[in-house]
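Input: a single structure, listed below in structure tokens.
In listed order, ligands and their atoms are each counted from 1.
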Amino acid sequence: MDPALGPPEAMAEKRDELTPMMAQYHDLCARYDDAIVLFQVGDFYETFCGAAERTARLLEIALTSREDSTGEYPMAGIPIDNAESYVETLLEAGYRVAVADQVEEPGESPGVVERAVTRVVTPGTLTEDELLASDDNNFVAAVARGRGSGVESDGDPELALALLDVSTGDFFATSSTSSEAIADEVSRFGPSEAVVGPNAPADLFAEGCMVTPYDATAFDRDRAGETVSRYFRNPDALLASDAEIRACGALLAYAEYVRGGEHEGERDTTLEDDEADGNGAERGADAETDDPDRNRLEYITHLTRYDPREYLLLDAVAMRSLELFEPRAVEGREEATLVGVLDETACALGGRTLRDWIRRPLLEPDRIEARLDAVEELTGDVRTRESLHDGLRNVYDLERLIGRISRERANARDLRSLRDTLAVVPEIREEIADADCTRLQALHESLDPLVDVRELIEDAIVSDPPIEITEGDIIAEGYDDGLDDLRATARDGKQWIDDLEDGERERTGIDSLKVGYNSVHGYYIEVTNPNLESVPEDYQRRQTLKNSERFVTPELKEREDQIVGAEERADEREYELFCEVRREIAAEVERVQGLADALATLDALVSLATVAAQYDYCRPEMLERDDRAGLEIDIEGGRHPVVERTQESFVPNDANLTNNRRLAVITGPNMSGKSTYMRQVAQIALLAQVGSFVPARAARLTPVDRIFTRVGASDDIAGGRSTFMVEMDELATILREADEHSLVLLDEVGRGTSTADGLAIAQAITEHLHDVVGATALFATHHHPLTELADDLEAAFTLHFEVNQLEGEVVFHHDIAPGAATGSYGVEVATAAGVPADVVERSRELVADAAGDGTADGDDGRTDAEATDEVTTKATATADGGDVPTDVAAELRALDLAHLTPVEALTELDRLKQLLDE
Ligand code: ADP
Ligand code: MG
């Protein structure tokens with residue numbers, strides 16, 4: 001057990017003797033025993049004992065101690081004013097944080113100040129803007145299994161996944177009988193936290209995802225059904241299965257639990273009850289009170305239930321290898337991703353929507369065409385595009401804003417931000433008033449400028465309010481008569497005081513008399529010592545200074561009370577009014593979310609159009625899916641969207657894959673462009689299904705159901721997947737799950753083992769893909785015999801890249817051509833480096849044999865050992881012949897050409913040449 005978590009032992013031992021405050025701390029730690037409890041004491045959040053020692057180290061804050069009659073306890077505190085950055089550090093260190101605030105004013109009731117956990121901060125349920133990436137969602141997931149009414153029924157294959165972004169209200173649910181399919185959905189959304197019931201598979205989640213065990217009863221079918229029905233009218237109609245209801249219900253319960261707020265109700269569960277349960281992980285269930293709606297999160301208004309098969313399926317490996325969100329190279333820059341090249345969005349809303357589109361490319365032609373129509377229309381009109389972009393730049397993050405408003409955490413500035421956004425909506429809307437395509441027309445309709453909300457804010461809130469919401473200066477003049485009266489009273493009083501100085505000077509004849517104010521004594525009349533004898537009777541002495549005396553009069557006192565009283569009541573009234581306005585706006589949460597959604601979609605479309613225009617993309621022609629004919633991918637002059645941005649010039653290449661030409665075996669030297677070519681084909685297909693234009697001169701495509709990519713072990717060391725086992729495991733998945741609507745990229749697979757095995761495996765895979773699976777596949781390989789195999793298979797064909805030498809330099813054309821590559825790369829480079837022709841010729845033979853590729857004599861089915869034996873003999877014979885010395889031959893044989901970079905190869909050849917010269 002982590003000593004930073006749970007009730008400190010030193011306190012638990014003497015729980016009954018503790019001071020009331022420490023007893024409170026102890027009990028909160030016991031209740032929130034999977035979180036570090038930050039305990040408000042005045043302006044600080046304190047931690048004690050084990051938690052203090054840990055936070056002091058992690059946060060680099062001073063470790064002090066607190067002493068009372070019961071003992072001395074280590075203590076470390078952080079200032080409340082900038083708690084967020086400290087909380088972030090604790091989250092990064094893998095902790096949850098329970099924030100226990102003082103929920104009454106000191107002295108409000110007898111005894112110790114009441115404290116309660118107002119929120120539990122966990123990686124998946126953040127709502128603080130400072131802790132969130134603005135242009136990406138942050139999801140918490142829940143998985144559940146099973147039918148029936150029990151807690152969780154084993155043996156039922158149905159597995160459901162629910163995903164919620166607490167900061168925006170985005171809420172998804174899906175299910176499948178295949179746990180692999182659910183794992184794919186998990187990696188698609190990349191949740192930062194997962195809530196799991198007792199027998200949920202925990203291995204679904206990536207390493208960076210915090211797994212939170214949660215109250216089993218929250219997953220109970222009936223309990224979960226009740227929870228969901230508090231949010232959505234008919235859970236059984238909305239969700240597809242019991243498993244989905246369990247997952248959604250548990251997730252909503254968890255979201256309510258971390259939101260805290262238990263102090264608002266008569267939560268009377270005592271610590272003793274918790275302990276009696278004897279279950280530390282048990283949470284949330286006892287949060288139920290008479291009014292279960294009390295904890296309802298108003299901004300969760302819609303739930304998107306989907307089937308994984310509605311979208312192009314991508315698993316974690318494919319997402320990584322296609323560089324959707326993460327650069328492939330370890331040192332890769334952030335722009336070196338698909339999202340990086342596509343993201344020209346103007347606001348956070350659009351950024352998140354674009355990411356969602358990339359995460360879930362469409363399958364349905366109508367939906368794809370609708371986006372493409374909009375992109376095309378915007379691509380053709382620079383002026384509209386640019387003014388839309390400018391307008392959208394003024395759009396605040398409405399989703400998170402309305403979330404804060406509805407959680408009652410928004411201040412007056414947030415409301416003004418909402419108003420500022422609403423103010424730009426009419427202009428944005430006007431820009432697409434004459435749109436031709438239905439998608440933009442529909443957006444025009446949905447861009448409701450919420451005039452009522454805007455006017456409410458304009459009437460109620462001053463234009464430049466302070467951050468504090470309890471200290472006045474928020475509510476505009478003329479909004480509330482009562483408030484205006486209070487303010488008038490305060491103003492009158494102040495005016496009277498302003499006039500007082502002149503009046504008293506006249507009355508007393510003391511010209512130097514002054515009226516002033518200080519925060520301790522209030523208003524006073526100050527008279528310097530020489531004038532003291534002129535002071536009238538009604539002056540009462542208040543304060544004696546070195547050179548003067550300060551007085552008050554009964555009337556001044558009265559006025560002062562009037563001012564102070566009015567100001568205090570005005571502040572209170574302002575706060576009340578502010579909360580009312582905030583609640584009134586919160587009631588419009590669905591309309592604000594609807595507007596946010598429309599703005600987000602428009603921003604994403606404008607972004608796609610901007611990229612299309614700027615980088616010369618073309619509109620893909622989407623072909624009808626024909627179930628008998630498999631895929632058609634016909635790309636003219638295609639480019640790799642990411643690579644083309646990172647280098648000066650890029651050589652476009654065609655791709656032509658149809659049902660009877662669906663398996664391409666691609667050969668060519670290292671660095672000639674094989675991997676780039678394959679990925680660009682997949683990325684173009686994917687982009688089209690996102691609804692984007694594509695980097696090509698022309699493209700005709702049928703929607704792809706699923707993209708698989710596997711990169712041979714040695715090519716993907718950066719990804720940390722370097723074992724042959726992993727490679728085989730992934731290949732097995734492809735062979736099992738791919739079908740004729742899948743696009744499969746195999747990049748140098750079969751490398752992680754000996755040459756003969758590798759070739760055998762590559763060959764068997766090719767045959768199986770061709771004969772059984774029927775998928776469209778691109779296979780880059782260094783196994784030359786595969787090209788011969790391709791000649792034998794009816795729907796397979798070969799492609800290759802070549803290199804040339806020009807004045808001793810190796811030149812890469814990156815230009816794909818039909819047929820198999822002619823020679824091995826090392827030989828080309830050897831010629832370029834000026835190695836004598838006979839040596840080159842001989843090494844060609846040797847290399848071919850040693851690599852077991854059998855280019856010269858074909859594949860004669862020898863085992864590796866036999867082949868090696870023979871090479872040894874040959875080499876010796878050659879050495880005897882005097883052409884190539886044995887040591888050079890041996891070194892040549894040992895060269896692993898497939899793993900050499902061009903520079904290494906050149907260096908190596910240069911060294912061999914010198915050896916020969918000697
Ligand atoms: P291979 O897989 O054949 O070893 P890569 O596809 O990794 O080769 O390409 C190596 C490098 O060549 C890429 O990083 C890129 O810089 C460049 N390259 C690849 N294809 C092209 C192209 N079509 N036009 C221009 N440069 C290219
Ligand atoms: Mg490669």
Please say whether the positively charged group of [X], taken as NZ for Lys or CZ for Arg, lies over the ring of [Y], i.e. under 6.0 angstrom from the six-membered ring centre and within 45 degrees of the axis.
| X | Y | answer |
| --- | --- | --- |
| R619 | F693 | no |
| R355 | F325 | no |
| R639 | F650 | no |

I'd like to check whether F650 has a polar contact with ligand 1, where a contact means an N/O of the residue lying under 3.5 Å from an N/O of the ligand.
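N/O-N/O distance below 3.5 Å does not exist for this pair.
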
Return yes or no for this condition: an N or O of M671 is under 3.5 Å from an N or O of ligand 1.
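The answer is yes, given that M671 and ligand 1 share an N or O pair closer than 3.5 Å.
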
Tell me the nearest of N653, T676, V651, I816 to atom 13 (C) of ligand 1, using heavy-atom distances.
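Nearest heavy atom to atom 13 (C) of ligand 1 lies in T676.
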
Could you check I666, L769, T766, T709 and say which one makes a side-chain contact (heavy atoms from CB on, under 4.5 Å) with L746?
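The residue from I666, L769, T766, T709 that satisfies side-chain contact (heavy atoms from CB on, under 4.5 Å) with L746 turns out to be L769.
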
Going by heavy atoms, is [X] under 4.0 Å from ligand 1?
| X | result |
| --- | --- |
| A780 | no |
| S649 | yes |
| G668 | no |

Between R639 and ligand 1, which residue portion shows a heavy-atom distance shorter than 4.0 Å: side chain, backbone, both, or neither?
neither

Can you tell whether the side chains of E794 and R661 come within less than 4.0 Å, N to carboxylate O?
no

Indicate yes or no: does R706 engage E737 in a salt bridge with an N to O separation below 4.0 Å.
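A salt bridge is present here (some side-chain N lies under 4.0 Å from a carboxylate O).
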
I'd like to know whether F708 forms a side chain to side chain contact (heavy atoms under 4.5 Å, CB included) with L743, so could you lay out the CA-CA distance, the side-chain angles of the two residues, the decisive distance to 0.1 Å, and finally the verdict.
CA-CA 6 Å; F708 292 95; L743 175 61; over 6 Å; no

Per-atom filter on ligand 1: closer than 4.0 angstrom to a heavy atom of P669 are 3 (O)

Atoms in ligand 1 flagged as close to G673, the criterion being non-hydrogen separation under 4.0 Å
1 (P), 3 (O), 5 (P), 6 (O), 8 (O), 9 (O), 19 (C), 20 (N)

Within less than 2.8 Å of the Mg ion (ligand 2), any N, O or S from T676?
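No N, O or S atom of T676 is closer than 2.8 Å to the Mg ion (ligand 2), so no.
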
